[in-house]
Amino acid sequence: EDWMGSGNKEHAFAHDNVDWENSYCVANNTHIKTLVLEDIESVPKSFVNFCHGMTKNNSIESIGITTGVHEKTMILLAPFIKRNHNLRSLYIGGEFCTMKAKNFSSLASTLSHGQSNLKSITITCKLSDRSSGVLITSFAHCHSLSEITLCNGYIKSHGSAALAHFLKKSSCNIRKLNLQNEKIDNKGLVIIADALAANTSLKVLNLGYNVAITSRCWMKFFNALVDSSLALEELYLSSNSIEDSAIAALGHVLIDMHSL
């Protein structure tokens, strides 16, 4: 209880130095709305007990996992994510976040059950292209999902194909998609552009800092947007190599897409 503070606190922070046995009371706390797990680099038995207790908690609406995280963390938290129908936001990241592929495979498996009511997922780790593909594929089972942020990872052939399949689904309700600094290349952008042509839900798109994309490919992307059914309201393209010819194509987007 000392770790949580007074019983009516809405935010709780836990790190590797916490006495997990004392923090077990979070499981039955009905006031906590946000839980942040930080520097969980080891998994003592007390943390395992804590995670088991977490499965009983229904008050937490937002959970953040930051910095160094043990590979078993997501496996232990999977039942909580699956059973807490009030959970709306999941954040995994931080400046020095290091999570192994096993963590994301476990998360993808959890989301694939389709029992989550998550509205927002933010992952800012260096996720591989293959792991990105596996995780994005699981998003198709989260029909309540409206905001996705994937930053600082790699979306290449696997990731872009999975993302395209997801965006084309009639059940896709994504309104905000942030793919900043995802190392997307020309092929990936073409695949994503094709998928966006059939999407009607997306309103905000961030493709900033994807510096591997050439200006010529950006021009093709902008031309595809003009012919799409999208009704974008915000488009972010910071720090990309977009030359005059592509800028002209972007001008047509601004003229023809009245919602932007």
Side-chain angles (χ1 to χ4, degrees), residues 1 3-14 18 20 23-38 40 43 47-66 69-70 72-93 99 102-125 127 131 134-150 162-163 165-167 169-178 201-204:
E1 289 181 355
W3 168 68
M4 287 181 3
S6 59
N8 63 354
K9 291 289 186 181
E10 293 188 355
H11 305 277
F13 296 85
V18 163
W20 292 109
S23 65
Y24 183 81
C25 53
V26 163
N28 297 312
N29 186 288
T30 59
H31 299 286
I32 292 178
K33 302 298 182 184
T34 302
L35 175 66
V36 178
L37 301 176
E38 187 175 73
I40 312 301
V43 180
F47 179 67
V48 175
N49 292 337
F50 173 82
C51 290
H52 288 328
M54 283 281 293
T55 62
K56 301 177 182 179
N57 182 285
N58 290 309
S59 69
I60 295 174
E61 298 176 1
S62 176
I63 185 168
I65 304 169
T66 68
V69 180
H70 193 275
K72 291 183 179 179
T73 301
M74 289 309 307
I75 296 174
L76 291 170
L77 289 175
F80 161 72
I81 295 173
K82 187 185 299 183
R83 296 174 187 175
N84 184 345
H85 297 296
N86 290 317
L87 187 64
R88 296 292 183 267
S89 175
L90 172 64
Y91 172 88
I92 302 174
M99 291 186 70
K102 289 182 180 179
N103 271 300
F104 290 103
S105 295
S106 177
L107 175 59
S109 177
T110 300
L111 296 178
S112 294
H113 284 85
Q115 299 176 0
S116 169
N117 288 326
L118 280 169
K119 291 185 178 297
S120 173
I121 292 179
T122 298
I123 298 175
T124 62
C125 300
L127 194 60
S131 293
V134 171
L135 188 59
I136 293 169
T137 298
S138 71
F139 292 165
H141 301 277
C142 301
H143 302 304
S144 59
L145 201 57
S146 61
E147 299 183 17
I148 295 174
T149 293
L150 299 175
L163 184 59
H165 179 74
F166 171 58
L167 291 172
K169 292 182 71 70
S170 59
S171 58
C172 177
N173 295 310
I174 292 298
R175 294 179 60 85
K176 295 182 179 181
L177 179 60
N178 182 353
S201 65
L202 193 64
K203 302 299 179 185
V204 180

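- Applying the side chain to side chain contact (heavy atoms under 4.5 Å, CB included) test to Arg83 and every residue at least two apart in sequence or in another chain returns Thr55, Pro79.
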- Task: Give the C-alpha distance, both sets of side-chain angles, the deciding distance and a yes or no for side chain to side chain contact (heavy atoms under 4.5 Å, CB included) between Leu111 and Leu145.
- Result: CA-CA 11 Å; Leu111 296 178; Leu145 201 57; over 6 Å; no

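- Under the side chain to side chain contact (heavy atoms under 4.5 Å, CB included) criterion, His113 pairs with Lys82, Ser109, Gln115, sequence neighbours left out.
- Remark: Leu87 CG to Asn117 CG distance equals 9.0 Å, nearest 0.5 Å.
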- Task: Take Leu76 and Phe50 through the test side chain to side chain contact (heavy atoms under 4.5 Å, CB included) and record every step on the way to the result.
- Result: CA-CA 9 Å; Leu76 291 170; Phe50 173 82; over 6 Å; no

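- Residues that satisfy the side-chain hydrogen bond (donor to acceptor under 3.5 Å, both in side chains) test with Ser131, not counting sequence neighbours, are Ser128.
- The closest side-chain heavy-atom distance from Phe139 to Ile174 is not below 4.5 Å.
- The side-chain hydrogen bond (donor to acceptor under 3.5 Å, both in side chains) check on Ser201 picks up Asn199, with sequence neighbours excluded.
- Across Ala78 and Ser106, no two heavy atoms sit closer than the pair CB-OG, 4.3 Å.
- How far CD1 of Ile92 is from CD1 of Ile65: 4.5 Å, rounded to the nearest 0.5 Å.
- Note that the CE atom of Met74 and the OG atom of Ser105 stand 11.0 Å from one another [nearest 0.5 Å].
- Residues satisfying the side chain to side chain contact (heavy atoms under 4.5 Å, CB included) criterion with Ser89, sequence neighbours excluded, are Ser62, Ser120.
- Just one residue in the list Leu135, Leu177, Asn178 forms a side chain to side chain contact (heavy atoms under 4.5 Å, CB included) with Ile148, and that residue is Leu177.
- Met54 approaches Leu35 most closely through the heavy-atom pair CE-CD2, 3.4 Å.
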- Task: Begin from the C-alpha positions of Leu77 and Cys51 and carry the test side chain to side chain contact (heavy atoms under 4.5 Å, CB included) through to its verdict.
- Result: CA-CA 6 Å; Leu77 289 175; Cys51 290; 3.9 Å; yes

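- Once rounded to the nearest 0.5 Å, the distance linking CG of Leu90 with CD1 of Ile121 reads 6.0 Å.
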- Derivation and outcome, side chain to side chain contact (heavy atoms under 4.5 Å, CB included), residues Leu107 and Ile81: CA-CA 9 Å; Leu107 175 59; Ile81 295 173; 4.2 Å; yes

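- Within 6.0 Å of the NZ atom in Lys203, the count of heavy atoms belonging to other residues, nucleotides or ligands exceeds 12.
- When all heavy atoms of Cys172 and Phe166 are compared, the pair lying nearest together is CB-O, 3.4 Å.
- The OG1 atom of Thr124 sits 3.5 Å away from the OH atom of Tyr91 when rounded to the nearest 0.5 Å.
- Distance check: Leu37 CG to Ile63 CD1 gives 5.0 Å after rounding to the nearest 0.5 Å.
- The shortest non-hydrogen separation linking Ser116 to Ser144 is O-OG, 3.8 Å.
- Not counting sequence neighbours, the partners of Ser171 by the side chain to side chain contact (heavy atoms under 4.5 Å, CB included) test are His143, Lys169.
- By the 6.0 Å contact criterion, NE2 on His165 is open, its count of non-hydrogen atoms from other residues, nucleotides or ligands being 12 or less.
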